[in-house]
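Since the structure comes first, as C-alpha cells, the remarks are kept for the end.
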Amino acid sequence: GPRESCGSCAALWARPELHEARLASVSESTAWASDKKVFCHVFEAALEALHWSASPSRKACLMNCLDVYGCGFISLSDLEWMDAWHPPEWLLAEPDHEGLEELRALVVQHHGSPLRAWR
C-alpha cells in the first residue's frame, strides 16, 4: 500500500502522483491548485496512481476518516494525524464468529433473550 511504498501517510503529500492529481483537478471554475488541501476524490485518484486497490467501502471509510468534518478536503495535517494514530488492538482483531455465537447462546440461556440481557 501507499504507506509501505512511501514510508508514511504524510509522505504521500510530497509524491509526484498527488501533485499531478492536484494540478489535473484545476478547472476553469477553479483556477488554482492548493498546496494546503486536496479534494477527497483527487486524493483517491492519487492513491490509485500509486496502485492502491481497495473495495469501494474501504476507500469510502478511509476518506471519511481523513475528512473528519465532511468538507470534501484532505490536508497534510490529516495525513500526519493518521501516522500518529495507533488503533486499539480490538479494532484490528479478526472477528471470532464462533465466539459470538457462544456468547449469544449464553446470554439467551441466562436471560431468556438478548433484550432482557440489555435491560
Side-chain angles (χ1 to χ4, degrees):
R3 184 184 281 205
E4 292 79 19
S5 64
C6 298
S8 72
C9 294
L12 286 168
W13 200 258
R15 291 292 299 236
E17 294 86 351
L18 186 57
H19 180 72
E20 290 170 15
R22 282 197 314 262
L23 291 177
S25 72
V26 175
S27 68
E28 291 179 19
S29 63
T30 308
W32 55 273
S34 174
D35 60 349
K36 297 185 184 193
K37 55 189 166 189
V38 64
F39 288 112
C40 290
H41 71 275
V42 173
F43 184 76
E44 190 174 332
L47 289 178
E48 289 172 6
L50 288 165
H51 308 290
W52 181 64
S53 61
S55 68
S57 62
R58 286 189 69 183
K59 288 178 184 180
C61 181
L62 176 64
M63 295 304 128
N64 287 333
C65 288
L66 290 173
D67 182 22
V68 176
Y69 298 108
C71 298
F73 295 102
I74 295 173
S75 67
L76 176 58
S77 64
D78 296 322
L79 300 174
E80 291 168 339
W81 173 86
M82 184 66 83
D83 283 331
W85 182 57
H86 299 287
E89 186 178 330
W90 61 265
L91 193 57
L92 301 174
E94 290 295 320
D96 180 1
H97 301 288
E98 196 174 291
L100 176 60
E101 290 307 316
E102 184 179 329
L103 177 61
R104 282 184 180 157
L106 288 170
V107 165
V108 169
Q109 178 184 354
H110 190 265
H111 296 283
S113 76
L115 183 58
R116 281 195 180 141
W118 183 257
R119 298 181 94 224

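Along the sequence shown, residues are numbered consecutively beginning with 1. Both backbone and side-chain heavy atoms feed into the values below; hydrogens, waters and symmetry mates do not.
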With rounding to the nearest 0.5 angstrom, report the [atom1] to [atom2] distance, [X] to [Y].
X: Asp67; Y: Phe43; atom1: CG; atom2: CZ; value: 11.5 Å
X: Leu76; Y: Ile74; atom1: CG; atom2: CD1; value: 11.5 Å
X: Lys37; Y: Ser77; atom1: NZ; atom2: OG; value: 11.0 Å
X: Met63; Y: Lys59; atom1: CE; atom2: NZ; value: 8.5 Å
X: Trp118; Y: Ser113; atom1: CH2; atom2: OG; value: 13.0 Å
X: Leu66; Y: Glu44; atom1: CG; atom2: CD; value: 11.0 Å

- Query: Looking at residues at least two apart in the chain, or sitting in another chain, which of them share a side chain to side chain contact (heavy atoms under 4.5 Å, CB included) with Ser55?
  - Reply: Ser57, Arg58
- Shared-cluster residues of Val107, by chain and number - hydrophobic side chains joined below 4.5 Å: Leu103
Where [X] and [Y] come nearest, the two heavy atoms and their spacing:
X: Val108; Y: Pro114; value: CG2-CD, 4.0 Å
X: Trp81; Y: Cys65; value: CZ3-O, 4.5 Å
X: Pro87; Y: Leu92; value: CG-CD1, 3.8 Å

- Message: Could you check whether any side-chain N or O of Asn64 sits under 3.5 Å from a backbone N or O of Cys61, counting only pairs where one atom can act as donor and the other as acceptor?
- Response: no
- Assess whether atom CD of Glu48 is packed by more than 12 heavy atoms of other residues, nucleotides or ligands within 6.0 Å. yes
- Message: Counting neighbours of CD on Glu89 that are heavy atoms of other residues, nucleotides or ligands and sit closer than 6.0 Å, is the number greater than 12?
- Response: no
- State plainly whether one hydrophobic cluster holds both Trp85 and Tyr69, where clusters connect Ile, Leu, Val, Met, Phe, Trp and Tyr through side-chain heavy atoms under 4.5 angstrom apart. no
- Message: A side-chain contact here means heavy atoms from C-beta on lying under 4.5 Å apart; do Leu12 and Leu47 qualify?
- Response: yes
- Message: Quick check: do Val38 and Trp13 have side-chain heavy atoms less than 4.5 Å from each other?
- Response: yes
